[in-house]
Engineer: 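Here's a structure for you.
By convention in this document, chain letters (A, B, ...) are assigned in the order of the sequence lines, proteins followed by strands, and residues within each chain are numbered from 1.
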2 protein chains.
Amino acid sequence: MRTEEALTEKLIKEKARILFFQKGLLDATTQEIADEAGVNRALIHYYFRSREQMLETLLDETLLEKKEKVRSILVSNLPFREKIACYINALVDYGLAYPYLDNFIISETARHPEKIRIFCSRDRIKSSDLIREQLAEEIANGKIANISPEHFMVNLSALCNYPLLAKSVLQTIHGMTDVAYRKFLNERKRVIFRTIFNEEMPQHLANTELTKNRL
Amino acid sequence: MRTEEALTEKLIKEKARILFFQKGLLDATTQEIADEAGVNRALIHYYFRSREQMLETLLDETLLEKKEKVRSILVSNLPFREKIACYINALVDYGLAYPYLDNFIISETARHPEKIRIFCSRDRIKSSDLIREQLAEEIANGKIANISPEHFMVNLSALCNYPLLAKSVLQTIHGMTDVAYRKFLNERKRVIFRTIFNEEMPQHLANTELTKNRL
DNA sequence: ATACTGTTTAACAATTTTGTTAAACATCAA
DNA sequence: TTGATGTTTAACAAAATTGTTAAACAGTAT
């Protein structure tokens, strides 16, 4: 049945995503994935041929989704600071959903350097190029200290992504519950803006839902 | 022979470190480790009983080494900005030697949450507590925008560690050779200081070797 | 030389994990 | 009902990986 087929396939992908990118079990076995989805392990091979291919599909789809989300913000014609605020919100929010996605890619590319091209192939334009002019303008106007677009974007990614990657460690060191950690990450959105611009994030941008509507 | 014993054991640990923490092959097999060291695989069991126990030893030793390096800077009585400059230099330099150490811990703790305690057990004092007073003073004097010690330290770790973790991806996106990437990371030391303090890193602190001598 | 110690090796056993296959099952159309 | 199609399952085979063991080896002291 067509609808059922789509359902099972989707179910497997969804549960695999949770294991890989949410729980960080980057070497989850086909059995574990099948268990999580409550289906027979052979179905993974039925739908995806091999564990390898399932992973490729999964990464491709997930990355595309994230990149589109993020890219649309950078190419928008919002004023620079609003744009960056949106970017921070999107990155942190996406990271809250799939904290281990970046970690997964880092591990995969270390193991299989030849696959880096696959992950990066879709990005014909470097994200640092998308903010080059606006950043230059900001610097020229003395609104921000001199910095290259590359370092600026690395700073931004680092500040947003690292606390998500290091979740378990940070949570333990500071003795935070899951709720407290989520709160900490939401605080961070404003902290990051302040760190980058040395200035308070405008109140009307501080709420994710609102910023979404601005696009 | 006593000296030989020490040699082989050390050799295995050294090569395992390279595989795990330098090359990022976080699921390297005992065979791969043995090959890298040019010894028989059974020796790993002879010296460490199991792969598991070797890993534990390795992590314990490596982390202790790094933490001591880093801790000594934070407890020193250097002026705040010099202290942070040293900290940045140390973190980036250590990361250049073992770029995947953090990534490894992140993956391990995701897989075995019960082990987090082990990794964190030695830290009786949170690093954020070590800079609390100095940071408060800095803020009181209006030398830096208001920020909690926790967020300050997370910012610092993020800015230093993330580019090391994401090495392969960043290198590919920006088409950098290994040499270029190393240069980029050294530039970053000053970029990070500027991002944190919104002010140039003093020239005399910019060189790692010099900062080492100041302790 | 010989016996003793600790080190290293090859061969083996046990386990885990992936991938395959044939049969059972369900749904739908003729 | 029967047959065709696609889905799901259990059972099996193959490969990879860890851990064990007995024997070979090297050096040292007696």
Engineer: Nearest-Å distance, CD1 (I44(A)) to P (dT18(C))?
Structural biologist: 9 Å
Engineer: When rounded to the nearest 0.5 angstrom, what distance separates CD in E82(B) from CD1 in I73(B)?
Structural biologist: 12.0 Å
Engineer: Taking atom P of dA16(D) as reference, at what distance in whole Å does atom CZ of R51(A) sit?
Structural biologist: 15 Å
Engineer: Determine, using ring centers only, whether F21(B) and Y100(B) are less than 6.0 Å apart.
Structural biologist: no
Engineer: Using nucleotides 9-14 of chain D, report all nitrogen or oxygen pairs with the protein that are shorter than 3.5 Å.
Structural biologist:
residue	atom	partner	partner atom	Å
dT9(D)	OP2	N40(A)	N	3.0
dA10(D)	OP2	N40(A)	ND2	3.3

Engineer: Between E9(A) (CD) and dG6(D) (P), how many Å, whole number?
Structural biologist: 15 Å
Engineer: Where along residues 29-37 of chain A does a heavy atom come under 4.0 Å from DNA chain C, residue by residue in number order?
Structural biologist: T29(A), T30(A)
Engineer: Would you confirm whether the ring centroid of F197(B) sits within less than 6.0 angstrom of the ring centroid of F193(B)?
Structural biologist: yes
Engineer: Taking atom types as modelled, is there a side-chain donor on N40(B) or Y46(B) under 3.5 Å from an acceptor on the other?
Structural biologist: no
Engineer: Nearest whole angstrom, please: distance from the C1' of dG19(D) to the NE2 of H45(B).
Structural biologist: 5 Å
Engineer: Considering non-hydrogen atoms only, spot the tightest contact between A34(A) and R41(A) and give its length.
Structural biologist: CB-CA, 3.6 Å
Engineer: For the side chain to side chain contact (heavy atoms under 4.5 Å, CB included) test, which of N155(A), L156(A), L159(A) pairs with T195(A)?
Structural biologist: L159(A)
Engineer: Rounded to whole angstrom units, what separation is found between the CG atom of L7(B) and the C1' atom of dT8(C)?
Structural biologist: 15 Å
Engineer: Atom CE of M54(B) and atom P of dG19(D): how far apart are they, to the nearest Å?
Structural biologist: 10 Å
Engineer: From CD of E52(A) over to P of dG19(C), roughly how many Å is that when rounded to an integer?
Structural biologist: 8 Å
Engineer: Pairs in or reaching into residues 55-74 of chain B: which pass ring pair (Phe, Tyr, Trp, His ring centres under 6.0 Å), with residues at least two apart or in two chains?
Structural biologist: none
Engineer: Look at the side-chain N and O atoms of T8(A) and state whether any lies under 4.0 Å from the OP1 or OP2 oxygen of dT7(D).
Structural biologist: no
Engineer: Closest approach to the side chain of Y47(B), judged atom by atom: which nucleotide of dT8(C), dT18(C), dT18(D) is it?
Structural biologist: dT8(C)
Engineer: If I take atom CD1 in residue I12(B) and atom C1' in nucleotide dT7(C), what distance separates them, rounded to the nearest angstrom?
Structural biologist: 11 Å
Engineer: Please identify which of these residues, E61(A), E68(A), K67(A), K66(A), meets the side chain to side chain contact (heavy atoms under 4.5 Å, CB included) condition with L64(A).
Structural biologist: E68(A)
Engineer: Give me the ring orientation class for F184(B) and H151(A): parallel if the planes are under 30° apart, tilted from 30 to 60°, perpendicular past 60°.
Structural biologist: parallel
